[in-house]
Amino acid sequence: MSRVYNFSAGPAVLPEAVLQEAADEMLDYQGTGMSVMEMSHRSESFQQILDTAEADLRELMNIPENYKVLFLQGGASLQFAMIPMNLMKNRTADFILTGQWSKKAWKEAGKYGKANVIASSEDRTFSYIPDCSDLPVSKDADYVYICENNTIYGTKFKELPNTKGKTLVADVSSCFLSEPVDVSKYGIIYGGVQKNIGPAGVVIVIIREDLITEDVLPGTPTMMQYKTHADAGSLYNTPPAYGIYICGKVFKWLKKQGGLTAMKAHNEKKAQILYDYLDQSSMFRGTVVPEDRSLMNVPFVTGDRELDARFIREAAGAGFVNLKGHRTVGGMRASIYNAMPISGVKALTEFMQKFEEENR
C-alpha cells in the first residue's frame, strides 16, 4: 500500500525519514537488544535520549537558560487546569478567546478563580484575531492566556498581545516549531506534540523558572505541580518514553532542514500555494480573514454541504485523507504541518481544480 497525503489536524503526518529510522530501531535500539518501548526510563540509554531531545529543542528554539523544558503527559488539555493551579496566586487570569481550545482553557480556569474574557472573536465564528494592542488587562491578573494558532478555525496571532507587563501563557500545540519564536516573551509556552512534532501522549511545557514554586493552590496534586517535574527532570514518574524518543528524532530532522527559519520559509511557500488557489477559485473559499490566516491549518468550504461531502469522499479515494472540517464548523480543513511536503499541497490543489471543473 502506498502512503497517502494525510491532512489530519492531529495526530498528524510525521516525516517519513523519522518513521523509517524508528522502524529500523524498533527491535534493537543502538545495540541495546531491545526497543525503546521496552526500555527502563531509569536506564542510561533513555536518559541520553531525554537529554539529547531537550538539548536539540533548546537549540532549535534558542530557549534561555532561565527556562525549564518539561516533557509531560495529559496533553494540552491537562494544562488547562495545571496552569491556574500553579500560577493563579491572585485567583485572577485574563483570556483572549479565539477558538474552542482557548474557550475550554478559560472555562477550566474559572473553577479556580476569576477568569476574565478581555477579547474575543466569537462574534464572527472565530474567523479573525481581535485587536490586542490595548487590552483591558486586569490589574491583579496572574497571567494573560492565548491559544496562538487555532487548529479548528485556521487563525494565527501574527503579533503577540500587549499584556501590559503581565505574564503571557500560550498554547502553541498546532504551530509548535513551525517558525522561530522569542521564548523570552512568554512565561509559559506549551503544546501537545501530536500535531507538529510527534505521536499523541506528550505535552512539552517551556516555563520560566520564577513561575516554578511551591506556592500553588491548596489541594493541587503532586503530579500537577510544575516543581515536581522540574526537580525530577521530567522523570518523577514513568514519562511517555517512546513519544519523547520520536520527538527527539523530529528535532534532529528539523535541524537537518535548516532549523526554524528554514521551516518558516517552507511553510509559507506551502500555505501560499493553497491560499492562492482558494482566492481565485469560483467554488472553494477560505473562511479566515487574510491577515490572520494560519500557515498550519487551512479551513475552506464550497457553501454547499452536499458538495463538501462529495469532495471529501472523492478526495479520500484519490489519496487525500482527513480533509473533513471540525464538526463545529463543517466544510474542509487541510492541516499542512512541517512534515507535509510541498508536493502534497500541490497535488491537493490540482485535485481541487479538477473537482471544480467536473462539478461546475
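Below, each value reflects all heavy atoms present in this structure, side chains not excepted, and no hydrogens, waters or symmetry copies. Keep in mind that this is a model prediction, so the values were computed, not measured.
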Could you measure the distance from the CD1 atom of Ile49 to the OH atom of Tyr242? Nearest 0.5 Å is fine. 10.0 Å
Solution key, residues 58-66 side-chain donor-acceptor pairs under 3.5 Å, sequence neighbours excluded:
from, atom 1, to, atom 2, distance (Å)
Arg58, NE, Glu54, OE2, 3.0
Arg58, NH1, Pro64, O, 3.3
Arg58, NH1, Tyr67, O, 3.3
Arg58, NH2, Glu54, OE2, 3.4
Arg58, NH2, Tyr67, O, 2.5
Glu59, OE1, Lys255, NZ, 3.0

Membership question, hydrophobic clusters at under 4.5 Å side-chain separation (ILVMFWY): are Phe176 and Val13 in the same one? no
Can a side-chain donor-acceptor contact be found between Glu148 and Tyr186 if the only test is distance below 3.5 angstrom? yes
Side-chain H-bond candidate by donor/acceptor type, Lys270 with Asn267, under 3.5 Å: yes
Test of understanding: clusters of I, L, V, M, F, W, Y form through side-chain heavy atoms closer than 4.5 Å, transitively. Do Leu274 and Val321 belong to the same one? no
Do we see a donor-acceptor contact under 3.5 Å between the side chains of Ser173 and Asp171? yes
Take atom NZ in Lys107; do more than 12 heavy atoms of anything else shown fall under 6.0 Å from it? no
Check: Thr302 main-chain N/O paired with Asp308 side-chain donor or acceptor under 3.5 Å: yes
Same hydrophobic cluster for Ile146 and Trp101, using side-chain heavy-atom links shorter than 4.5 Å among ILVMFWY? no
So, Ser102 side chain and Thr98 main chain: donor-acceptor pair closer than 3.5 Å or not? yes
Taking atom types as modelled and ignoring hydrogens, do the side chains of Asp24 and Gln20 form a donor-acceptor contact shorter than 3.5 angstrom? yes
Establish, from distance only, whether the side-chain atoms of Asn297 and Asn149 form a donor-acceptor pair under 3.5 Å. yes
Asp140 versus Asn90, side-chain donor and acceptor atoms under 3.5 Å: no
Will you find, in the side chains of Ser138 and Asn116, an N or O donor that is under 3.5 Å from an N or O acceptor? yes
Other residues, nucleotides, ligands: >12 heavy atoms within 6.0 Å of Gln48 CD: no
Would you say the side-chain atoms of Thr213 and Lys89 include a donor-acceptor pair closer than 3.5 Å? yes
If you measure from OG on Ser8 to NZ on Lys324, what distance do you get to the nearest 0.5 Å? 13.0 Å
Gap separating the NZ atom of Lys156 from the CG atom of Leu295, nearest 0.5 angstrom: 7.5 Å
Report the relative orientation of the aromatic rings in Phe95 and Tyr143; use parallel for angles under 30°, tilted for 30 to 60°, perpendicular for over 60°. perpendicular
Side chains of Gln100 and Asn150 only: does a donor on one sit below 3.5 Å from an acceptor on the other? no
On a heavy-atom basis, which atom in Ile118 and which in Val137 lie closest, and how many Å separate them? CD1-CG2, 4.2 Å
Any donor-acceptor N or O pair under 3.5 Å, side chains Glu356, Ser282: yes
Measure the NZ-CD1 distance between Lys346 and Ile273 for me, rounded to the nearest 0.5 Å. 5.0 Å
Taking the six-membered ring for Trp, are Phe320 and Phe311 closer than 6.0 Å centroid to centroid? no
Ser133 side chain to Asp131 side chain, donor-acceptor N/O pair below 3.5 angstrom: yes
For the residue pair Phe284 and Phe355, does the interplanar ring angle fall in the parallel (under 30°), tilted (30 to 60°) or perpendicular (over 60°) class? tilted
Taken to the nearest 0.5 Å, the spacing of Leu57 CG from Thr52 OG1 works out to 12.5 Å
Do other residues, nucleotides or ligands put more than 12 heavy atoms under 6.0 Å from Glu214 CD? no
Using a strict cut-off of less than 4.0 Å between a Lys/Arg side-chain nitrogen and an Asp/Glu carboxylate oxygen, indicate whether Glu358 and Lys354 qualify as a salt bridge. yes
Closer than 3.5 angstrom, by distance alone: can the side chain of Thr125 be matched with the main-chain N or O of Ser127 as a donor-acceptor pair? no
Quick one: pull up OG in Ser234 and CG in Leu72 and give me the separation to the nearest 0.5 Å. 6.0 Å
For residues Asn322 and Tyr5, is any side-chain donor paired with an opposing acceptor at under 3.5 Å? no
Check the surroundings of atom CZ in Arg310: do more than 12 heavy atoms from other residues, nucleotides or ligands lie under 6.0 Å from it? yes
Are Leu260 and Phe251 connected in a single hydrophobic cluster, I mean Ile/Leu/Val/Met/Phe/Trp/Tyr linked by side-chain heavy atoms less than 4.5 Å apart? yes
